[in-house]
J.: 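One structure is given below, represented as structure tokens, and several questions about it will come after.
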Amino acid sequence: MFWAPLLPEFVVGTGAIVLMLVAAFVRRSGAITSGGAVAVLCAATVMLIGAPQTTGPLFGGLLAEDGFAAFGKLLIFLGAAVAIVGAHGWFAEMAGGDGRASGNVAEHGAEYPVLILFSAVGMAVMVSATSLITLYVGLELQSLAAYVLASYRLTDARSAEAGLKYFVLGSLASGILLYGISLLYGFTGTTDFSGIAAAFTREGPHSLGLLFGLVFLLAGIAFKISAVPFHMWTPDVYEGAPTPVTAFFASAPKVAAVLLATRICFGALGPAIDAWRQIVTVVALGSIFLGAIAAFGQMNIKRLLAYSSINNVGFALIGIAAGGREGASAVLFYMAVYSVMTLGAFLCILRLRDADGQPVEDLAAFSGLSQSQPGLAAALAFFMFSLAGLPPLFGFWPKLQVFIAAVHSGLIALAVLGIIGTVVGGYYYLRVVKILYFDAPTATLRHVKAPLEGALILLAALFVSPLGYLLIGPIGRLTGNAASSLF
Amino acid sequence: MSGVPVLSFLIAIPLLAGMAALFVGAHAARWVALVATLVDLALGILLWRAYVPGGPQWQFVEHVAIGGPLGWSLGIDGIALMLIMLSVFLMPICIGASWRAIETRVPEYMAAFLLMEALMLGVFAAQDLLLFYIFFEGGLIPMYLIIGIWGGPERIKASYKFFLYTLAGSVLMLIAMLVMIGQTGTTSIPVLMVANFTPSLQAWLWLAFFASFAVKLPMWPVHTWLPDAHVQAPTAGSVILAGVLLKLGGYGFIRFSLPMFPEASAQFLPLVFTLSGIAVVYTSLVALVQRDMKKLVAYSSVAHMAFVTFGLFAFNRQGIEGAMLVMLSHGLVSGALFLCVGVIYDRLHTREIARYGGLSNNMPGYALLFMLFTMASVGLPGTSGFVGEFLSLTGTYRASSWGAVVATTGIILGAAYMLYLYWRIAFGTSMHADAAAMPDLDAREWWLLAPIAAVVLWMGVYPESFLHPMRDDVGRLLTRIERAAPPGDARLSTGAPAPALKAQH
């Protein structure tokens with residue numbers, strides 16, 4: 001079977017179509033589609049683990065189902081599954097009271113998990129693309145689903161605004177990306193990554209046409225990973241989109257886009273490392289510092305986490321700038337830990353409700369949470385300290401990995417500035433902990449019962465706790481193998 | 001005790017107890033914490049007894065690879081042993097001091113303290129560079145929570161200042177560590193201690209480590225977080241801050257800066273001596289005019305820590321041994337002084353010196369112990385303070401006589417501010433009825449202060465107990481750094497005594 005390596009994508013894609021039909025013909029099918037989608041994603045993940053990995057290109061060089069793609073898909077599928085689980089409880093809660101028991105899931109259309117599945121297929125194509133065409137198709141499949149998801153709450157004007165903003169700016173970025181692709185194709189005569197790399201070697205890295213193509217390509221991708229200076233949409237979209245959607249945006253699509261950037265930089269643009277390294281360096285530092293400084297005054301937790309995600313992407317980009325197998329491995333490690341931390345933080349936020357059952361986004365309302373819900377507050381504090389990269393929490397380790405990779409590549413100045421950036425960023429993560437622990441309680445938050453989400457939060461908290469260090473070996477082997485398949 | 005991972009136990013016991021404390025009630029949490037710290041103390045005493053002075057440099061060595069460059073590598077020499085003893089000795093006292101003073105969120109408080117203890121012990125026992133960093137930095141989180149949750153009115157500002165100052169210092173050290181790992185390909189501290197870096201690289205690495213340790217110690221002018229943190233922290237927090245956390249800076253100098261970068265240490269000696277000299281004079285003068293007891297003791301800490309840096313960078317045995325003893329002595333004495341402040345603060349809820357007076361009338365037991373610790377802080381012979389300061393000044397004199405001149409003024413100024421403090425608090429007659437009505441120490445407070453007093457006298461009368469385990473390690477350090485030792489300006493020589501003319505044989 002020629003399509004055997006693509007089995008996980010087929011499963012997710014077919015699952016999405018079948019669930020869409022279910023949603024169309026069965027009333028109140030939210031629970032069914034959610035459960036079905038999670039099952040589909042889990043099945044796809046299991047297949048990933050068992051699948052034999054081919055190293056060569058497939059379908060005439062359009063895709064490569066190598067270790068790198070497999071690792072990426074693992075993160076994407078799991079992240080998407082967690083986003084669906086978190087969303088189901090949240091929408092049920094929004095529908096009024098104990099929505100789960102009554103089965104009243106008015107706002108939670110059954111299409112939500114379907115859209116996430118389509119997006120997941122797109123992301124899976126993104127991380128395995130070895131041609132500019134498949135790259136673009138994957139990216140657009142993911143993005144179109146994401147635009148709809150951002151505007152998912154019909155009754156909320158902010159959600160509509162977020163969707164529109166995301167769509168307009170996202171299309172612009174896609175246009176820039178396409179322009180870059182067309183330039184590269186025009187000057188190299190191929191859309192194949194290896195062909196482009198060969199052209200760069202042949203023409204030298206300073207061929208003007210190739211450089212233009214490279215810059216536009218990277219600019220388009222920078223938008224997708226919300227790196228400075230193409231980050232402007234992020235806080236608005238994160239704030240406006242329904243919180244479960246924000247949780248999704250901050251995890252799986254981010255992983256996919258960063259991995260895509262890694263594969264393009266190391267694969268297609270590999271010979272031009274001197275050309276793109278300066279771009280990536282500037283973008284990385286800009287993201288780190290802007291993400292850190294702009295978050296100072298934020299009082300909305302979603303906006304704050306949006307800046308946090310900009311900040312974190314900057315650190316991942318340091319790994320790309322470092323280059324080589326070590327750098328690629330560090331990026332993968334970083335994104336793995338980052339998705340756990342950020343999903344964990346969002347799962348905590350999804351559980352916060354005021355007395356009327358409305359979701360709480362204002363940071364001031366978090367004050368004294370450590371006294372009313374100590375477990376939740378402790379978990380959130382764990383994620384904050386971990387996102388800040390403070391030892392002994394596990395978030396420190398991936399940051400250290402990218403810095404080690406940078407120092408090994410001789411980019412000491414970049415490492416120094418990046419590390420200084422962690423101190424600047426440390427301030428606002430500390431502020432969240434201060435509000436949770438030092439401030440006196442003001443508002444009464446309702447205690448939301450959600451055992452499944454609770455278990456996921458516990459797992460994530462254990463992962464970022466010092467116990468996570470025990471996983472350095474296994475994760476390091478996975479990321480090392482995945483990184484090797486790029487070279 | 002060979003084969004038993006005793007250092008791992010030492011770290012694991014408070015860690016597990018801390019987690020257990022979170023799940024029990026307030027009173028049970030206190031007992032869990034007390035028992036765990038006492039068990040750790042007992043384990044520490046066993047460790048001291050089993051430690052072989054003059055044996056191998058690193059004892060109780062454990063190594064388990066974790067993955068990547070990180071390894072669970074523990075092991076101690078005599079210097080680390082003494083600091084571990086200081087930590088395990090002070091911890092039960094801290095728990096005792098918080099027994100009644102902390103009323104809110106007791107389980108979390110005890111958990112934070114126990115986590116603190118585990119991390120501090122980890123710092124002293126770590127033999128892996130990255131493990132050291134993780135423990136070193138990890139200590140910030142529990143201290144941040146302790147100051148921020150249970151501190152005084154200005155606690156938020158103080159906790160931020162503490163956290164960001166120390167974090168900013170430490171990250172520079174992290175960069176230096178990454179460069180060192182890149183250069184040598186190892187994270188093992190014992191290997192790095194004998195690695196030779198080029199002098200130009202040494203200078204940069206030294207400065208990066210210096211940034212971290214100077215903030216931690218703290219040295220002038222980066223000491224400003226300390227008075228805030230001390231004043232706002234609860235009593236036990238101040239005790240552990242002054243008693244152990246400040247020692248991490250001195251330990252860092254002795255473990256990293258001196259043996260790893262001897263040439264750079266010699267090169268920057270004028271810088272260290274200048275900063276230490278300013279610290280001694282300036283912070284002593286500042287201490288003299290304080291109205292807040294805790295602030296006074298905090299500034300005196302900065303002045304005392306300057307003796308440590310003077311001694312360490314003297315590049316001779318007296319200086320380094322003296323610096324170690326000053327660290328141990330200061331850990332006990334300043335801890336005890338903060339407890340003394342805490343005792344009367346618990347009664348009157350003010351730290352203003354002027355509100356007290358004449359306490360020797362109604363609190364004779366308190367006045368006695370307080371006097372002992374005051375004298376130890378001043379450096380009266382017979383107390384621990386004297387031995388350390390004397391050795392450290394002797395060492396300083398051999399390295400730089402001007403340095404010694406400046407440093408010695410610290411003794412005079414120290415006597416001035418401490419005696420002035422004691423006079424205002426203990427003597428005369430009380431101006432305030434409530435201060436005159438305060439009861440003397442109760443049994444719990446005796447139990448907290450008397451053990452410290454005993455050790456202070458022990459160290460003052462027979463310091464050999466404490467110097468003995470460290471002697472070989474100081475010797476190894478000296479052979480390592482002597483190639484870079486700057487020539488001292490003191491012209492001490494035995495000379496040629498004139499022959500006794502009329503000696504009869």
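Since the structure is predicted, the reported quantities are computational estimates derived from the model, not experimental observations. Chain naming here is simple, since letters A, B, ... match the order of the sequence lines and numbering starts at 1 in each.
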J.: Tell me, for F385(A) versus chain B, whether the close heavy atoms (under 4.5 Å) come from the side chain, the backbone, both or neither.
T.: side chain
J.: At a 4.5 Å cut-off on heavy atoms, which part of S170(B) comes close to chain A: side chain, backbone, both, or neither?
T.: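 For S170(B), neither part sits under 4.5 Å from chain A.
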J.: Answer with side chain, backbone, both or neither: which region of V416(A) has an atom nearer than 4.5 Å to a non-hydrogen atom of chain B?
T.: both
J.: For chain B, which of L471(A), L400(A), T422(A) has the most heavy-atom pairs under 4.5 Å?
T.: L400(A)
J.: Determine the minimum heavy-atom distance between P392(A) and G138(B), stating which atoms define it.
T.: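 Heavy-atom minimum between the residues: CD-CA, 3.4 Å.
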J.: Quick check for you: among L119(B), L140(B), V179(B), L70(B), which has the greatest number of heavy-atom pairs under 4.5 Å with chain A?
T.: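 That would be L70(B).
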J.: To the nearest 0.5 Å, how far apart are CZ in R105(B) and OH in Y437(A)?
T.: 7.5 Å
J.: Please report the closest heavy-atom contact between K434(A) and Y144(B), naming both atoms and the distance.
T.: CB-OH, 3.7 Å
J.: Below 4.5 Å, heavy atoms only, C-beta onward: do L390(A) and L167(B) meet side chain to side chain?
T.: yes
J.: How about F23(B): does its CZ atom have over 12 heavy atoms from other parts shown lying under 6.0 Å from it?
T.: no
J.: Taking the side chain as everything from C-beta on, heavy atoms only, tell me whether I134(B) gets closer than 4.5 Å to Y469(A).
T.: yes
J.: Looking at I419(A), I472(A), V424(A), which has the largest count of heavy-atom pairs under 4.5 Å with chain B?
T.: I419(A)
J.: Select one option (side chain, backbone, both, neither) describing which atoms of L145(B) are under 4.5 Å from chain A's heavy atoms.
T.: both
J.: For residues L164(B) and V423(A), report the shortest heavy-atom separation together with the two atoms involved.
T.: CD2-O, 4.2 Å
J.: Testing the basics here: between H408(A) and G182(B), what is the closest heavy-atom pair and its distance to 0.1 Å?
T.: NE2-CA, 3.7 Å
J.: Looking at every heavy atom in both I404(A) and P69(B), which two are closest together, and how far apart are they?
T.: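 Smallest heavy-atom distance, with atoms named: CD1-CG, 4.5 Å.
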J.: Name the region of R431(A), side chain, backbone, both or neither, that has any atom closer than 4.5 Å to a heavy atom of chain B.
T.: both
J.: For the residue pair S370(A) and E108(B), what are the closest heavy atoms and their distance?
T.: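 Scanning both residues completely, I find the closest heavy atoms to be O-OE2, 4.4 Å.
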J.: For the CZ atom on F9(B), are there more than 12 heavy atoms of other groups (residues, nucleotides or ligands in this structure) within a distance under 6.0 Å?
T.: no
J.: To the nearest 0.5 Å, what is the distance between CG (L172(B)) and CD1 (I420(A))?
T.: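 Rounded to the nearest 0.5 Å, the CG-CD1 separation comes out at 6.5 Å.
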J.: For the candidates L174(B), I156(B), L22(B), I149(B), which exhibits the highest count of non-hydrogen atom pairs separated by less than 4.5 Å from chain A?
T.: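 Top option by heavy-atom pairs under 4.5 Å: I149(B).
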J.: Can you name the one residue among Y428(A), F438(A), Y427(A), Y429(A) that meets ring pair (Phe, Tyr, Trp, His ring centres under 6.0 Å) with Y160(B)?
T.: Y427(A)
J.: At what distance, to the nearest 0.5 angstrom, does CD1 of I412(A) lie from CD1 of I175(B)?
T.: 9.5 Å
J.: Heavy-atom pairs under 4.5 Å with chain A - which of I141(B), L130(B), I66(B) has more of them than the others?
T.: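 Option with the top pair count is I141(B).
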J.: So for L393(A), is it side chain, backbone, both, or neither that comes closer than 4.5 Å to the heavy atoms of chain B?
T.: side chain
